[in-house]
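Taking it in order: structure first as structure tokens, then the write-up.
Just so we're on the same page: letters track the sequence lines, and every chain starts at 1.
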Number of protein chains: 2
Amino acid sequence: MDERDSAADKRETRRRGTQLEAAIFQATWEELEETGYNRLTMENVAARANTSKPVLYRRFSGKGELVLAAIRSRVPTPEEEIPNTGELRADLLAVMENMNRNLKRIGPKTLHGLMVDLGDRSLTDMLFPSGRSHHTVQTILRRAEERGEVELGRLPLRILALPADLMRHEILMSYEPVSDEAIREIVDEIVLPLIRIHMAERT
Amino acid sequence: MDERDSAADKRETRRRGTQLEAAIFQATWEELEETGYNRLTMENVAARANTSKPVLYRRFSGKGELVLAAIRSRVPTPEEEIPNTGELRADLLAVMENMNRNLKRIGPKTLHGLMVDLGDRSLTDMLFPSGRSHHTVQTILRRAEERGEVELGRLPLRILALPADLMRHEILMSYEPVSDEAIREIVDEIVLPLIRIHMAERT
DNA sequence: GGGTATAAGATACTATAAGTTTCTTATTTG
DNA sequence: CAAATAAGAAACTTATAGTATCTTATACCC
């Protein structure tokens, strides 16, 4: 055996399918964390995954698709983590904290980069679809209603969407993780007051 | 004279300073409208302005700075158009319509592109600083109070910021101009109800 | 008004990255 | 075991950023 195995583990095997894909996603995350979306290159991802560009391009049409797929392989959807603490306010806080955590992992620059490269599909349709956040908030409210905590008619969609909308706005605009304080403000000064208005109307 | 003046007006003069800058901004806008931020190149802007890349790079460090400057040369700041219709609701609608018009001129892809290339300076600090939108809404509210239309204590900053925040969110996420219907919903279902709560507290 | 400093504009160059093509060969599948 | 599939290497084309060099028109100063 004359192949130089000095430092790196020069692979003898040739990966395929799921295994290869997992290595690609892993490499993509690492590149994303080290250099950020802008400076992530297909070349570097390929190198880090010990593969080559054509392998990437056979699966993904470009950087945007690659990164989006990598994110979707790791970040849970809203449905996968609907909080259920037994109290409406705590649930609302938890919804926003979950979202904050997930968006923070991705980072605002990557989000903007995806919007540039893929258009609104990336955020609206795929990562944080508003429909799903409606659904999540609606579930929380329904449970609160079942507990007798609140009693309300149909809330406007705008209001159901508000927690997620304001969270997205914070992340996209501030380039900073959203503070717990900010989350509390949004819940206590905006969302809960609006919900209470609709309770009052019912009574 | 052997220079070919067949079709184009080959300039004999050499522009400088403000005049040249105006031509550069004009060319930047046209490129922006025709090809969008992504595919706008320094080369093409230079060509359209009948100048050359070094001239651009002497003034602007790159695409982001160039486009930001071009935008700032044309888009009014919030203070320059504080509405004053004599009615609070109409003023609020007008604030949002102004913002919609301005952001629509720029286009969401350009906004995201600027965020990628310049970081949060571009939107937060320079184009639509939240401080200024607070100020605008506060002015509107103060006038309404002076007219005796409402009477309120100090509103939380979050609420003052809400019209602009929700507008930015719509534009950044939807890739579509925001409909008048959506603007009305935001004012009637979110902003005005929250303001009324704080009126009630005062009474 | 004539001489000097400044900066416009042309051209050419380097470097980086996207995306493609071609080819060899390991691995899967039937 | 044979044939089909796809991995991985390498080289190539093209687009664009950003820089360097040079000539000369224009502005400014004495």
> Taking for each residue the nucleotide of DNA chain C with the nearest heavy atom, is it Arg16(B) or Lys63(A) whose nucleotide lies nearer the 5' end?
Replying inline: Arg16(B)
> Rounded to whole angstrom units, what separation is found between the CD atom of Gln19(B) and the P atom of dA25(D)?
Replying inline: 17 Å
>> Whole angstroms only, please: what is the CG-C1' distance between Leu66(B) and dT16(D)?
In response: 15 Å
> Atom CG of Asn38(A) and atom C1' of dA18(C): how far apart are they, to the nearest Å?
Replying inline: 15 Å
> Quick one: Phe60(A) CZ to dA18(C) P, roughly how many Å, whole number?
Replying inline: 15 Å
> Can you find a side-chain donor-acceptor pair between Gln138(B) and Arg154(B) that sits under 3.5 Å?
Replying inline: no
> Is there a donor-acceptor pair closer than 3.5 Å between any side-chain N or O of Ser73(A) and the backbone N or O of Ala70(A)?
Replying inline: yes
> For Arg59(A) and dG19(C), what is the distance between atoms CZ and C1' respectively, to the nearest whole Å?
Replying inline: 17 Å
> Between CD1 of Ile183(A) and CG of Asp188(A), what distance do you get to the nearest 0.5 Å?
Replying inline: 11.5 Å
> Are any of Arg39(A)'s side-chain N or O atoms less than 4.0 Å away from OP1 or OP2 of dT16(C)?
Replying inline: no
> Rounded to whole angstrom units, what separation is found between the CG atom of Asn44(A) and the C1' atom of dA17(C)?
Replying inline: 10 Å
>> Check this for me: Glu43(B), atom CD, are more than 12 non-hydrogen atoms of other residues, nucleotides or ligands nearer than 6.0 Å?
In response: no
> What nucleotide, of dA17(D), dA17(C), dG8(D), holds the atom closest to the side chain of Ser52(A)?
Replying inline: dG8(D)
> Rounded to the nearest Å, what distance is computed from the CG atom of residue Asp117(B) to the C1' atom of nucleotide dA17(D)?
Replying inline: 12 Å
> Is Thr51(B) near enough to dG9(C) that one of its side-chain N or O atoms lies under 4.0 angstrom from OP1 or OP2?
Replying inline: yes
>> Quiz question: by atom type and distance under 3.5 Å, do the side chains of Asn102(B) and Glu81(B) form a donor-acceptor pair?
In response: yes
> For Trp29(B), is the NZ or CZ atom of Arg48(B) found under 6.0 angstrom from the centre of its six-membered ring and inside 45 degrees of the ring axis?
Replying inline: no
> In the 5'-to-3' direction, what one-character label does each nucleotide of nucleotides 19-24 of chain D receive under the scheme B = base within less than 4.0 Å of a protein heavy atom, S = sugar-phosphate only, - = no such atom?
Replying inline: BB---B
> Which distance, rounded to the nearest 0.5 Å, do you find between the NZ of Lys63(B) and the OH of Tyr37(B)?
Replying inline: 5.5 Å
>> I need the CG-C1' distance between Leu20(B) and dA27(D), as an integer number of Å.
In response: 14 Å
